[in-house]
Amino acid sequence: MSTAPTGHRTVDLAAREMLDLAEAAKLTTSFDRYKAQQPQCKFGQTGICCRICIQGPCRIIPTKPGQDKGICGASAFTIVARNIVRMMAGGASAHSDHAREIALTLLAVGEGHAPDFKITDIKKLMAVAKRVGVPTEGRTNEEVAKDVALLALADFGKYNNEPCTWLSTNITEERKVKFRHTGIAPSAIDRSVVQLLHQTHVGTDADPVNIIFGGLKAALADLTGEHIATDLTDVLFGTPTAVITDANLGALDKEKINIAVHGHNPLLSQMVVYAARELEGEAKAAGAQGINLVGICCTGNEVLMREGVPSVANFGSQELVIMTGVLDSMVMDVQCIAPGVKDLCNCFHTQLVTTSNISKIPGSVHIEFNEATAMDDARKIVRLAIKQYAKRNPALVKIPLYKKQVVGGFSFEAMTDLFAKLCPENPISVLTDAILAGEIKGVAAFAGCNNQKTIHDDATLTIARELAAKDVFLVSTGCAAGAFAKAGFLSSEGVEQFAGPGLKKFIKRLEENSGLKANLPLVYHMGSCVDNSRVATLWTAMANNLKIPVAQLPFVATAPEAMSEKAVVIGSWVISSGIPCHVGVLPPLEGSDLVYGVTTRIAKDVFGGYFIFETDPVKAAAQLYERLENRAWKLRIYADTAAKYQSTPAMAFEG
Ligand code: MSK
């Protein structure tokens, strides 16, 4: 059951104000377009519409002889499995292509072809090099960076059958064996995606279980790409450390030139941060008080984590930023940019700027971003916004007064630093000991998007409130983190309001020693959706410290408002890793009991992780908590027994 007031499509008060304005001005947003799409096609919703050849579309009616199979004879289970794994291929492609861009840029830095970029985090470069086996002794940073980049690029297309380096060096020994035994360890990212498209071509694989395992290989390729993206972005721009900023539409400033960076890839947005700082004088000469850079979606998360740039919207509220009348430019790179933003830009003065040759919107200005001319491109973009400022119509300005403090920047390293203040010898034990002692009940990771099928931000906040009250430690990425930022969950306000006694005690203990200028938040922002790799690093460290498989760890994941193909693929590597994963929107699986059962039950026997599909956030929170409690209880029993007999807490899989 939702806790949102009836009749509202969002729990974000700023978004609600903008939606009222849209209604009064007869402006159309995704909230209206969702309604206009009703009723949505049941065949598509349940995954039994097949469009992979042009004999179709074939729509399956299991109870109707003759129509219970596609024209080629494909059963519902084949069609459902093929459709869902093709979504996974899409997600893996998006994340890993992003990762490839970052690796190519690091290579260019190593070779001296990218003058505007540099190796910012040498410590991280050396740590990554050591982990993946690149020699560092007596070599320049550039030489090491070049070899790290080449090794990362090899993970995209190498010919041997060894598992990808960025996968095998980031998982536990137990998962390495599991992935080898189940045949899902990818040897190359590109190959696993291409193979999956081949496997699901008409007339290739009809076995739903085999198709799903092909999908899981692509999912692990996605995880590989995410680790590459996170590692190498940290090397280029710095590993995030705790940072204080603001969130929601109230972070826009009508006295300044407002530029929003939107999308995912920080190569451009980071340059826009530098250019905006450099061109403050030009902004002032144009009559503004300066430049106010803000972020939307995951490019927003990237610059929030590293530079403290305020986040003004997540996926669901991206169009509403334009309606404030003060957004001078929306600069987009790739992924999750609703084409509908252009229609609203046409009604206001906002200039939409596209920057990637694979991501254009008709009618917008295109400034191609190039690593060799990065700062010049970024300056052009900022100057365009300065010019646009003069076109602002004061009569259309309306900034909702909602703004919350955000304490973000919790990369795995930043979190470990926080724990190290209490236990420098073994920082991660601060978290695992709190679980063993029962002070906190486990960890829940929130990821994923917004989805018009749910009330904007509601399920994310509801599940967090429920779990926090029961002493669950919360981490987040992506647009879920955006929801938390706007609602004050990324500040101490969230702790005071929602943390249970054990969680509060744990956070306060960290806080007393943190040395930060702000109190600690309720939810720990770990980055963009590509940075779910940081979450995987966290559970790997916890499992290694406890000497147990990840599948026994009191750790759950949830994507309360999952929407994109990327969310589908992330959830798939989460369950393969041994983590129960809740999804708050029904994916197109219900057309096959077999496929649905594999994802929700059989997966548990094989991997220890599995999906929980539940649209009611309160019930979902109860289910997640039950999983945590069960795993934590067993962990404590086995840890006590292990201590008694001086052995390690080995257990059978438990979901
Ligand atoms: S932007 S994939 S809507 S998290 Fe990463 Fe948000 Fe989901 Fe896109």
Side-chain angles (χ1 to χ4, degrees), residues 10 12 15 30 34 87-99 102 219 222-223 225-226 229-230 233 247 260-266 268-269 294-305 309 311-321 330-341 356 359 408 445-454 456-457 459-461 475-486 490 523 525-535 557-574 581-585 587:
T10 175
D12 173 351
S30 60
Y34 171 73
M87 291 188 81
M88 290 153 69
S93 303
H95 279 144
S96 59
D97 207 34
H98 165 164
I102 306 279
D222 179 84
L223 175 59
E226 291 193 38
T230 300
T233 306
V261 286
H262 183 6
H264 283 79
N265 193 327
L268 165 77
S269 51
V294 296
I296 301 174
C297 283
C298 283
T299 275
N301 283 323
E302 296 275 359
V303 288
L304 182 153
M305 293 283 288
V309 170
S311 163
V312 287
N314 52 0
F315 180 77
S317 52
Q318 60 179 288
E319 293 166 293
L320 310 182
V321 188
M330 183 183 273
V331 184
M332 52 178 269
D333 51 82
V334 289
Q335 304 166 25
C336 301
I337 301 130
V341 292
S356 162
S359 183
F446 286 70
C449 327
N450 297 125
N451 186 320
Q452 283 293 346
K453 289 180 175 169
T454 67
H456 175 233
D457 291 351
T460 304
L461 302 184
V475 300
S476 185
T477 60
C479 288
F484 291 134
K486 292 181 291 167
L490 300 190
V523 181
H525 189 345
M526 296 193 81
S528 65
C529 41
V530 114
D531 290 330
N532 278 303
S533 54
R534 300 192 201 275
V535 179
T558 170
E561 302 171 49
M563 172 277 303
S564 69
E565 291 175 323
K566 290 179 290 172
V568 174
V569 80
I570 291 169
S572 303
W573 61 250
V574 166
C581 180
H582 161 251
V583 180
V585 183

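Ligands are counted one by one from 1 in listed order, and the atoms in each one are counted from 1 as well.
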Checklist entry - From atom 6 (Fe) of ligand 1 out to just under 2.8 Å, does an N/O/S atom of C297 turn up? => result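 Of the N, O and S atoms in C297, none lies under 2.8 Å from atom 6 (Fe) of ligand 1, which means no.
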
Checklist entry - Who gets closest to atom 2 (S) of ligand 1 by heavy atom: A481, A447, S564, A94? => result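 Looking at heavy atoms only, S564 sits closest to atom 2 (S) of ligand 1.
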
Specify the protein heavy atom at minimum distance from [atom]: its residue, its atom name, and the distance to 0.1 Å.
| atom | answer |
| --- | --- |
| atom 6 (Fe) of ligand 1 | C479 SG, 2.2 Å |
| atom 3 (S) of ligand 1 | C449 CB, 3.3 Å |
| atom 1 (S) of ligand 1 | H264 NE2, 3.1 Å |

Item to check | G448 heavy atom under 4.0 Å from ligand 1 | outcome: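 In this structure, G448 qualifies as a contact of ligand 1 - some heavy atom is under 4.0 Å.
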
Going by distance alone, is a donor N or O of one side chain under 3.5 Å from an acceptor N or O of the other, for [X] and [Y]?
| X | Y | result |
| --- | --- | --- |
| T460 | E561 | yes |
| H456 | N314 | yes |
| S30 | E319 | yes |
| T299 | D333 | yes |

Item to check | Partner of I296 under side-chain contact (heavy atoms from CB on, under 4.5 Å), chosen from V321, V261, N301 | outcome: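 Option passing the side-chain contact (heavy atoms from CB on, under 4.5 Å) with I296: V321.
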
I need the atoms of ligand 1 closer than 4.0 Å to a non-hydrogen atom of [X], numbered in the order shown.
| X | answer |
| --- | --- |
| M563 | 3 (S) |
| C529 | 2 (S), 5 (Fe) |
| F315 | 3 (S) |

Checklist entry - Do S476 and M526 have side chains that get closer than 4.5 Å, going by heavy atoms? => result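 No; the side chains remain at least 4.5 Å from each other.
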
Item to check | Beyond-backbone contact of E226 with D531, side-chain heavy atoms, under 4.5 angstrom | outcome: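 A side-chain contact under 4.5 Å is absent here.
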
Next on the checklist: Would you say atom 7 (Fe) of ligand 1 has C298 as a near neighbour, meaning an N/O/S atom of that residue under 2.8 Å away?
Outcome noted: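 Coordinating: no.
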
Item to check | N/O/S from C336 sitting under 2.8 Å away from atom 8 (Fe) of ligand 1 | outcome: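 Checking C336: at least one N, O or S atom is under 2.8 Å.
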
Checklist entry - Can you name the closest pair of heavy atoms from H264 and C298 and give their distance? => result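 Scanning both residues completely, I find the closest heavy atoms to be CD2-CB, 3.2 Å.
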
